[in-house]
Amino acid sequence: MNLNDKLFAIVGDSERVSINKTILEQHSKGEAYHTPSCPDAVVFPKSKEEIGRIVQFASEHSIPLVPYGAGTSLEGHIIPVHGGISLNFSLMNQILSIRPDDFQVTVQPGVTRNQLNQALKEHGLFFSTDPGADASIGGMAATNASGTNSVKYGVMRDQVLGLEVVLADGSIVRTGGHSFKSSAGYNLTGLLIGSEGTLGIFTEITLKLRGIPEAVSAVKAVFPSIEAAGNAAAILLKAGLAIGKIELVDEKTIQAVNRFKTTDYREEPTLFLEFSGNEPEVTYSVEVMEEILKDEQCVSFEFENDSLRRAQLWEARHHAAFAIQAANPGKVLMFTDVCVPLSQLAGALKQTREVIERYGLEGAVLGHVGDGNYHACLPIDPNSEEELEVVEAVHHQIVSYALSKGGTCTGEHGIGLGKKAFLQEEHGDIIPIMKIIKNNLDPKNILNPGKIF
């Protein structure tokens with residue numbers, strides 16, 4: 001009996017097991033430049049019991065397992081580098097329970113961010129983590145995603161109250177619970193968030209929710225340089241204002257967005273800001289911001305209180321990666337991220353822009369500067385080994401600078417395949433401890449092997 005037949009016997013539905021070439025190719029890559037690698041089979045499970053049986057079977061035969069959500073990975077997390085089975089969670093997309101009085105929801109891993117927020121609207125609640133893409137909740141938890149709202153609400157690890165997880169032997173365990181805090185033993189929920197599918201497979205996730213703010217005001221502020229924009233962001237954060245979002249895009253990003261979205265934004269470094277809270281708080285924050293920006297080289301700023309126009313403004317920011325891709329046809333993207341202390345942000349942004357220009361690349365710089373996290377987006381010809389070497393050199397200089405200033409090699413994308421060498425550079429002294437945890441939870445190394453280390 002071949003692998004396909006064995007998996008069919010487990011799930012009992014031939015429609016949910018595939019060795020179709022097109023399906024295998026779809027599961028061979030994420031959204032970035034990493035070399036694709038096909039799985040041997042793709043399974044679309046519907047329940048935790050099915051996953052438990054699949055994992056048990058894989059453990060018995062030492063077959064690799066790679067979880068697959070919405071496919072928006074940027075560091076190669078979902079690439080099955082050793083073949084095996086891709087577990088596609090698109091059919092496990094149920095919102096299991098909404099507890100509005102407790103500000104909580106429990107979902108299956110295939111639920112997407114937009115799907116969840118649509119269901120929460122009628123309760124006056126929303127899920128705060130917004131990485132831009134309509135990612136799956138399971139994938140966001142696996143990479144400890146963050147995004148535009150992190151300056152106010154924190155990252156994914158701050159939103160997850162509990163997990164149901166299938167371990168490498170097929171057993172099912174629960175971590176955390178329904179309380180907002182606990183001091184009961186080791187924080188295994190926090191350990192599993194950001195583990196990139198290497199320690200266990202999520203089947204249920206309980207999340208913390210927030211109330212939809214009473215008032216929201218968006219601002220677009222333009223600056224003469226990326227360094228000036230970074231300095232202004234840091235000063236605004238120190239002012240203690242009701243900042244919900246603060247995003248930076250450079251002139252290259254604005255140029256690409258204007259072409260892609262047929263907008264006419266000024267093509268200079270720009271801060272996209274959003275203030276949220278009660279009406280007096282938001283009004284006061286906008287007034288103070290206006291006074292601060294007058295002293296911080298701000299070239300122009302525009303306010304937007306209309307919800308539709310505000311959504312269009314943020315859509316332009318969220319579609320920046322697609323815009324850069326469209327501006328570079330035939331190329332793939334290295335979309336890297338680093339995070340630095342806020343005091344080092346302006347200098348890091350300037351260094352990144354300078355190193356990109358020094359190597360003559362058409363790269364863009366953008367990011368969630370409210371917590372020191374920013375991205376460099378570097379288009380690459382996938383058929384040019386020389387171009388890949390140049391981009392890797394730029395990548396290394398950006399990361400090395402961030403590490404030299406007390407930062408990290410990734411603020412939200414994770415390690416995956418693309419940043420394994422940088423993890424060694426950043427945390428080489430504690431990688432042996434990480435490997436002890438991995439080896440104890442996954443002794444046969446079947447859970448997303450080849451990633452992180």
Side-chain angles (χ1 to χ4, degrees), residues 74-75 128-132 143-159 190 193-194 221 223 225-250 253 269-274 289 292-293 295-297 335-356 363-377 394-415 418-419 421-431:
L74 292 172
E75 289 296 348
S128 62
T129 306
D130 177 8
T143 56
N144 190 30
S146 57
T148 57
N149 286 323
S150 58
V151 64
K152 183 169 185 176
Y153 299 107
V155 300
M156 193 68 181
R157 189 173 279 120
D158 301 311
Q159 320 309 326
I193 300 300
F223 295 84
S225 69
I226 196 169
E227 189 176 12
N231 276 323
I235 290 169
L236 288 170
L237 289 164
K238 288 177 185 176
L241 306 179
I243 297 176
K245 301 177 182 179
I246 180 165
E247 299 284 303
L248 181 146
V249 293
D250 70 353
T253 310
T270 302
L271 289 180
F272 289 79
L273 301 104
E274 188 170 275
M289 177 216 65
I292 290 173
L293 292 186
D295 297 328
E296 293 303 322
Q297 303 182 54
F335 206 170
T336 188
D337 83 309
V338 294
C339 191
V340 296
L342 287 175
S343 62
Q344 302 297 324
L345 177 62
L349 290 167
K350 181 182 178 183
Q351 183 267 350
T352 297
R353 184 73 265 163
E354 287 175 349
V355 74
I356 290 172
V365 182
L366 62 157
H368 322 303
V369 293
D371 52 12
N373 184 199
Y374 68 94
H375 310 276
C377 189
V394 171
H395 187 198
H396 190 271
Q397 289 191 39
I398 293 169
V399 174
S400 294
Y401 184 91
L403 294 180
S404 74
K405 300 300 180 182
T408 177
C409 67
T410 175
E412 60 183 7
H413 290 178
I415 298 297
K419 295 201 170 182
F422 300 130
L423 180 65
Q424 179 68 43
E425 190 175 343
E426 182 176 342
H427 286 309
D429 56 335
I430 59 172
I431 284 179

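Heads up: numbering here begins at 1 and tracks the sequence.
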Evaluation steps, side-chain contact (heavy atoms from CB on, under 4.5 Å), between Lys419 and His395
CA-CA 10 Å; Lys419 295 201 170 182; His395 187 198; 3.6 Å; yes

To the nearest 0.5 Å, what is the distance between [atom1] ([X]) and [atom2] ([Y])?
X	Y	atom1	atom2	value
Leu423	Ile431	CG	CD1	4.0 Å
Leu237	Ile243	CG	CD1	4.5 Å
Leu271	Leu236	CG	CG	7.5 Å
Thr148	Asp130	OG1	CG	3.5 Å
Leu248	Phe272	CG	CZ	9.5 Å
Ile415	Glu426	CD1	CD	7.0 Å

Can you name the closest pair of heavy atoms from [X] and [Y] and give their distance?
X	Y	result
Asp371	Leu342	C-CD2, 4.1 Å
Pro269	Ser225	CG-C, 3.5 Å
Gly230	Ala346	C-CB, 4.2 Å
Thr253	Ala364	OG1-CB, 3.3 Å
Thr352	Ala376	CG2-CB, 4.1 Å
Leu293	Ala221	CD1-CB, 3.8 Å

For [Y], does its backbone N or O pair with a side-chain atom of [X] as donor and acceptor, under 3.5 Å?
X	Y	value
Ser404	Tyr401	yes
Asp250	Val365	yes
Gln159	Tyr153	yes
Gln297	Phe223	no
Arg157	Ile193	yes
Asp337	Gly411	yes

Working for side-chain contact (heavy atoms from CB on, under 4.5 Å), residues Cys409 and Thr336:
CA-CA 9 Å; Cys409 67; Thr336 188; over 6 Å; no

Please tell me if the side chains of [X] and [Y] come closer than 4.5 Å, counting only heavy atoms from C-beta onward.
X	Y	value
Glu247	Val369	no
Asn373	Ser146	yes
Val155	Glu412	no
Met156	Thr143	no
Thr410	Glu75	no
Val338	Leu403	no
His396	Glu425	yes

List the steps, then state whether side-chain contact (heavy atoms from CB on, under 4.5 Å) holds for His368 with His375.
CA-CA 8 Å; His368 322 303; His375 310 276; 3.4 Å; yes

Regarding Lys152 and Ser128, do their side chains bring together a donor and an acceptor under 3.5 Å, going by distance alone?
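Per modelled atom types, Lys152 and Ser128 side chains form no pair under 3.5 Å.
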
Please determine whether side-chain contact (heavy atoms from CB on, under 4.5 Å) holds for the pair Tyr374 and Leu349, giving the CA-CA distance in whole Å, both sets of side-chain angles, and the decisive distance to 0.1 Å.
CA-CA 8 Å; Tyr374 68 94; Leu349 290 167; 3.7 Å; yes

